[in-house]
Engineer: 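Quick one: the structure is below, and I'll ask about it shortly.
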Amino acid sequence: MLIVMDHAATPAQVEAVMEQVRACGFRPVPMPGAERTAVCVLGNTGPVNPAPFENLPGVKECIRVTKPYKLVSRETQPQDTVLTVAGVSVGGQAPPVLIAGPCSVESRDQMLRTVEYLVSRGVKLIRGGVFKPRTSPYAFQGLGEEGLKILEEIKQQFPVGVVTEALDHENFNAVEPVADMIQIGARNMQNFSLLRRAGQSRKPILLKRGLAATLEELLMAAEYILAGGNRQVVLCERGVRTFADHTRNTLDLSAVVVVQQLSHLPVLVDPSHAAGKWPYVIPLALAGVAAGAHGLLVEVHPDPPRALSDGPQSLTFEKFAELQEKVQRLTAAGLRG
Ligand code: PEP
Ligand code: MN
């Protein structure tokens, strides 16, 4: 349930409502809004009786939240969440953000070359995995701590923020001080212990949709993070597994549209992992922006045929420039959905 306070309600009245929520055995979470404060009631398994709250001073109305996810729901927060990641706004009406870089950090030279190029194109957020979730235990697993040092050096040399993945608690602790945004990948979307760890962090989290996750499962995963106290979550549609095998995954553009009706959180599209092959990346990226995505997560490599992971879906510098120009044209024409 959501207890909406009158716009003139005093902090003491809000606190009295929170106390009453606690007295009923639930957990209150204040949701300050532009026009009014609301108190979200968590911890109930069935509908909450509004009677103990609706006549308290300062209470405007009690609204039943019909969805199983509460804090991520638009019912609870009608206005879009807009985050700041290394100085870049993500969400709402902010221009689509481009997060670009290689699948994996492979060497200092590879990163310096890539970031130098991307910075020359105005990119402000760089991706690069140092702890990699690989299907095969024999495949390149990422540079680990050595890769983190490279990311630190990149941040010192260039005006960029970095996005990198954590696979478990130990990696989370390691990447947290360095990353400007921490990725929880598709394979870990329902790793509830990792989600709880992300909830304790003060860093923005990029939560990718699981390989076969419904939107409700994605939003429940995000709810873990918000319920833990971290409201800075960005969702990412990266394609799901279907019967179709002409692409690596099937990019679910309808998810981009529908998730924005259900939730106030920003949503990105990752056309690289959806496509699996670089010639499909630009059209899918444009489709994502046209469908209303708040930005794109794109793999770019200085020499894709020699990449240690995801080379076939990585864009060359030249192709990235083409993507960026087309996204800018689409946005300037007012065609972001
Ligand atoms: C990645 O971003 O490199 C990655 C492994 O993504 P996903 O979890 O979507 O497969
Ligand atoms: Mn990848």
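In listed order, ligands and their atoms are each counted from 1.
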Engineer: I'd like the atom name of the N/O/S atom in Glu299 lying closest to the Mn ion (ligand 2).
Structural biologist: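 Per the distance ranking, Glu299 contributes OE2 as its closest N/O/S atom to the Mn ion (ligand 2).
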Engineer: In terms of hydrophobic clusters joined by side-chain contacts under 4.5 Å, are Val72 and Ile225 together?
Structural biologist: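 Yes, Val72 and Ile225 fall within the same hydrophobic cluster.
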Engineer: Before moving on, can you tell me the angle at the Mn ion (ligand 2) between the NE2 atom of His273 and the SG atom of Cys103, to the nearest 10 degrees?
Structural biologist: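 Between NE2 of His273 and SG of Cys103, the angle at the Mn ion (ligand 2) is about 170°.
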Engineer: Assess the side chains of Gln156 and Glu152: does a donor N or O sit below 3.5 Å from an acceptor N or O?
Structural biologist: no
Engineer: Under a 3.5 Å threshold, yes or no: a donor from one side chain and an acceptor from the other, between Asp80 and His294?
Structural biologist: no
Engineer: Side chains of Glu176 and Asn173: donor-acceptor distance under 3.5 Å anywhere?
Structural biologist: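 Looking only at side-chain atoms, Asn173 and Glu176 do not form any donor-acceptor pair under 3.5 Å.
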Engineer: Checking His301 against Thr114: is there a side-chain donor and acceptor pair closer than 3.5 Å?
Structural biologist: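 Per modelled atom types, Thr114 and His301 side chains form no pair under 3.5 Å.
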Engineer: So, Gln261 versus Arg74: side-chain donor-acceptor pair below 3.5 Å or not?
Structural biologist: no
Engineer: Check whether any N or O atom of Asp310, backbone or side chain, sits under 3.5 Å from an N or O atom of ligand 1, and answer yes or no.
Structural biologist: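 In this structure, Asp310 places no N or O atom under 3.5 Å from an N or O of ligand 1.
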Engineer: Using heavy atoms and a 4.0 Å limit, tell me yes or no: is Lys132 in contact with ligand 1?
Structural biologist: yes
Engineer: In terms of atom number and element, which parts of ligand 1 are under 4.0 angstrom from non-hydrogen atoms of Gly185?
Structural biologist: 8 (O)
Engineer: Can you tell me the N, O or S atom of Asp310 that's nearest the Mn ion (ligand 2)?
Structural biologist: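 Restricting Asp310 to its N, O and S atoms, the minimum distance to the Mn ion (ligand 2) goes to OD2.
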Engineer: I need the nearest protein heavy-atom contact for atom 7 (P) of ligand 1: residue, atom name and distance, please.
Structural biologist: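 For this ligand atom, the closest protein heavy atom is Lys208 NZ, 3.5 Å.
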Engineer: For Glu299, take its heavy atoms, then give the atoms of ligand 1 lying under 4.0 Å from any of them.
Structural biologist: 3 (O)
Engineer: Within this structure, what is the CZ-CZ distance for the pair Phe320 and Arg121, rounded to the nearest 0.5 Å?
Structural biologist: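 Here the rounded value is 7.5 Å.
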Engineer: Which ligand 1 atoms, with their elements, are less than 4.0 angstrom from a heavy-atom of Cys103?
Structural biologist: 3 (O)
Engineer: Between the side chains of Ser104 and Ser309, is a donor N or O closer than 3.5 angstrom to an acceptor N or O?
Structural biologist: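 On atom types as modelled, these side chains qualify, holding a pair under 3.5 Å.
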Engineer: So which heavy atom in the protein is nearest atom 9 (O) of ligand 1, and how far is it from that ligand atom?
Structural biologist: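 The answer is Arg238 NE, 2.6 Å.
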Engineer: So for ligand 1, is Glu165 a polar contact partner (N or O within less than 3.5 Å, distance only)?
Structural biologist: no
Engineer: Just verifying a value: how many Å separate Thr164 OG1 and Leu206 CG, rounded to the nearest 0.5 Å?
Structural biologist: 11.0 Å
Engineer: Which residue supplies the protein heavy atom nearest to atom 8 (O) of ligand 1, what is that atom called, and how far is it?
Structural biologist: Ala186 N, 2.7 Å
Engineer: Which protein heavy atom lies closest to atom 4 (C) of ligand 1, and at what distance to 0.1 Å?
Structural biologist: His273 NE2, 3.4 Å
